[in-house]
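Here's the structure, in structure tokens; my notes come after.
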Amino acid sequence: MGFDWGIMRDIMLSTSDHTSVVSITLFVTLLCGCIVIGHLLEENRWMNESITALIIGVCTGVLILLISGGKSSHLLVFSEDLFFFYLLPPIIFNAGFQVKKKQFFRNFITIMMFGALGTLVSFIIISLGAIAFFQKMDLGLGIGDYLAIGAIFAATDSVCTLQVLNQDETPLLYSLVFGEGVVNDATSVVLFNAVQNFDLSNINASIALQLIGNFIYLFTTSTVLGVVTGLLSAYIIKKLYLGSHSTDREVAIMMLMAYLSYMLAELFYLSGILTVFFCGIVMSHYTWHNVTENSRVTTKHTFATLSFVAEIFIFLYVGMDALDIEKWRVVSNSPKTSVCVSATLLGLTLVGRAAFVFPLSFLTNLAKKSPHEKIDFKQQVTIWWAGLMRGAVSMALAYNQFTRAGHTQLQGNAMLITSTITVVLFSNVVFGLLTKPLVRLWMPSSKHLSRMVSSEQITPKSFIVPLLGDYQDSEGDLFAENGQAWLGAREGGDRTTLLHPNSLKMLLRTPHRTVHYYWRKFDDAFMRPVFGGRGFVPYAPASPTEQSEAQH
């Protein structure tokens, strides 16, 4: 009687499939648990969903480790593609879709300084510190590894920022820290790729200039691609008016065009993070106003839900992966060195961030005349503290540099992976837990903050605010400073008149208001007539199909 290998293969495949089903079922159950527990702890001043998911992930990892006899601690194998291609896009897109655009663009120069120049400063300090300390520990790392460490730990966690800061309560801090996080992530990935692609045996001024030029090219092209994709989606929906047939088509084209922008950026080796972020901003300004009322409600909640689930998924997995026994077993024979490496990386992260937050804040304050627009010391400390959290981007880059398909047997590489996990957990739990109390202690609600929040639409209604705001209708309101309109005496007369916004003096005094004024004129005259937007598309509460269904 011969052995049937075909039957054996089918049994093995079915067993493998069943194992995957069990893993996914347990993971979905954990996601539901995270959401329920996070809701119960919503009013807690210390906790948030990200911390809750991390803790549940660690506890689950311990349980799986005990059940498996110390063989494994996670249900799913870490995958960079899973993170970068499926989990990160909805998070960043929804952030761009819901961000307070006026606040973001008002602080755009500061955000760029923090996100690009600040990340470069942090990268240099962490890399030099790693070279100075780790070479003495003889970890067997090369110059490329030390520079990669700088890029890995210069990457702040913009996902955590969404959890610990509220753009309605602290609009300035939120726009600065989150905006910096988006640009920071893109800059870190550029630096990381540069470290892997450039010849680091002979570093000179030419390579440094090439790196700077590469970043400028990447930022510009990624932004343009996101804007073009967003405008294309607006034009398609406006011309075809998909809502006349089905709301489902409108929602589908918005979701697919948003994801297409990210994948096109990855296809052309650009920054998908920047592309999908600016695509979200453009879609909220044009595309969202071209769809029916039902589609607006549906897309708002769909994007928010996808982003929320992806965030919980990331933190839950990071918590489970923290106990990856393979890496810990490799470094178990030198616990003292492992603790020293983790402490050194955490210290370098603290110093690297402080080295640019306070000096750049000082330079920014010199250029701002209004005291309300300046970043005071308490806000600087909060920006420094809130940006110390490291998350999934750091994890993904560390796995890319120091493992092969998620595995490594080299002690130096395993030590860097376990130290990255330690820093991610510590920074999220400690810095994340203390950020909310710090904000409430140092920045209680004030008259100025209340006025700023009331002038900015609350989050669910933020979609109706154009790219740089549209609720300041008169030039007197637009060019107001501290509640007073800019007035100038007319030569040879007693009458005072409002300074005209196209005057050079006004441009120097209030550059962002002047840019806002001209943007509104350009947008109303050229952009919205072509691509749609509020006031340029006929109001349609629902598609004919939905209206007929509602009547029955």
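Positions are given from 1 along the sequence.
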For the residue pair [X] and [Y], confirm or rule out a side-chain donor-acceptor distance under 3.5 Å.
X: S261; Y: T275; answer: no
X: Y286; Y: D523; answer: yes
X: N94; Y: Q98; answer: yes
X: T119; Y: N184; answer: yes
X: S295; Y: T292; answer: yes

Less than 4.5 Å apart, any side-chain heavy atom of [X] and any of [Y]?
X: V276; Y: Y259; value: no
X: Y317; Y: F83; value: no
X: M527; Y: L231; value: yes
X: R353; Y: T156; value: yes
X: F278; Y: T229; value: no
X: F114; Y: S361; value: yes
X: V282; Y: T287; value: no
X: M254; Y: F97; value: yes

Rounded to the nearest 0.5 Å, how far does [atom2] of [Y] lie from [atom1] of [X]?
X: T247; Y: E293; atom1: OG1; atom2: CD; value: 10.5 Å
X: H289; Y: M283; atom1: NE2; atom2: CE; value: 13.5 Å
X: L218; Y: Y269; atom1: CG; atom2: OH; value: 13.5 Å
X: S222; Y: L270; atom1: OG; atom2: CG; value: 4.5 Å
X: L232; Y: I237; atom1: CG; atom2: CD1; value: 10.0 Å
X: S188; Y: F153; atom1: OG; atom2: CZ; value: 11.5 Å

Under a 3.5 Å distance rule, please check whether [X] uses its side chain to pair with a backbone N or O of [Y] as donor and acceptor.
X: S427; Y: V424; answer: yes
X: N107; Y: T110; answer: no
X: N290; Y: F531; answer: yes
X: E266; Y: S271; answer: no
X: S122; Y: G118; answer: no
X: Q401; Y: A398; answer: no
X: N428; Y: R390; answer: yes

Candidate pair R296 and E250, rule salt bridge (Lys or Arg N to Asp or Glu O under 4.0 Å), full reasoning: CA-CA 9 Å; R296 294 181 192 180; E250 290 182 331; over 6 Å; no

I109 atom CD1, over 12 foreign heavy atoms within 6.0 Å: no

Exceeds 12 heavy-atom contacts within 6.0 angstrom, atom NZ of K239: no

Electrostatic pair R528:D524 at N-O distance under 4.0 angstrom: yes

Could you pull out the closest heavy-atom pair between [X] and [Y], with the gap in Å?
X: A155; Y: S394; answer: O-OG, 3.4 Å
X: F526; Y: V530; answer: O-CG2, 3.3 Å
X: A355; Y: I125; answer: CB-CD1, 3.1 Å
X: V357; Y: I383; answer: CG1-CG2, 4.2 Å
X: P359; Y: A354; answer: CD-O, 3.7 Å
X: A258; Y: C279; answer: CA-SG, 4.2 Å

F303 and F93 aromatic centres sub-6.0 Å: yes

Proximity of F277 and F104 rings by center, below 6.0 Å: yes

Derivation and outcome, side chain to side chain contact (heavy atoms under 4.5 Å, CB included), residues L306 and M255: CA-CA 11 Å; L306 290 174; M255 292 178 63; 3.8 Å; yes

Candidate pair I91 and I314, rule side chain to side chain contact (heavy atoms under 4.5 Å, CB included), full reasoning: CA-CA 11 Å; I91 295 173; I314 289 173; 3.7 Å; yes

Parallel, tilted or perpendicular, as decided by the 30° and 60° cut-offs, for the rings of F358 and W384: tilted

W519 and H285 aromatic ring geometry - parallel, tilted or perpendicular at 30°/60° bounds: tilted

Pair E180-F356, side chain to side chain contact (heavy atoms under 4.5 Å, CB included): steps then yes or no: CA-CA 12 Å; E180 175 220 333; F356 75 83; 3.8 Å; yes

Stepwise side chain to side chain contact (heavy atoms under 4.5 Å, CB included) test for L117 and M112: CA-CA 7 Å; L117 183 59; M112 286 302 303; over 6 Å; no

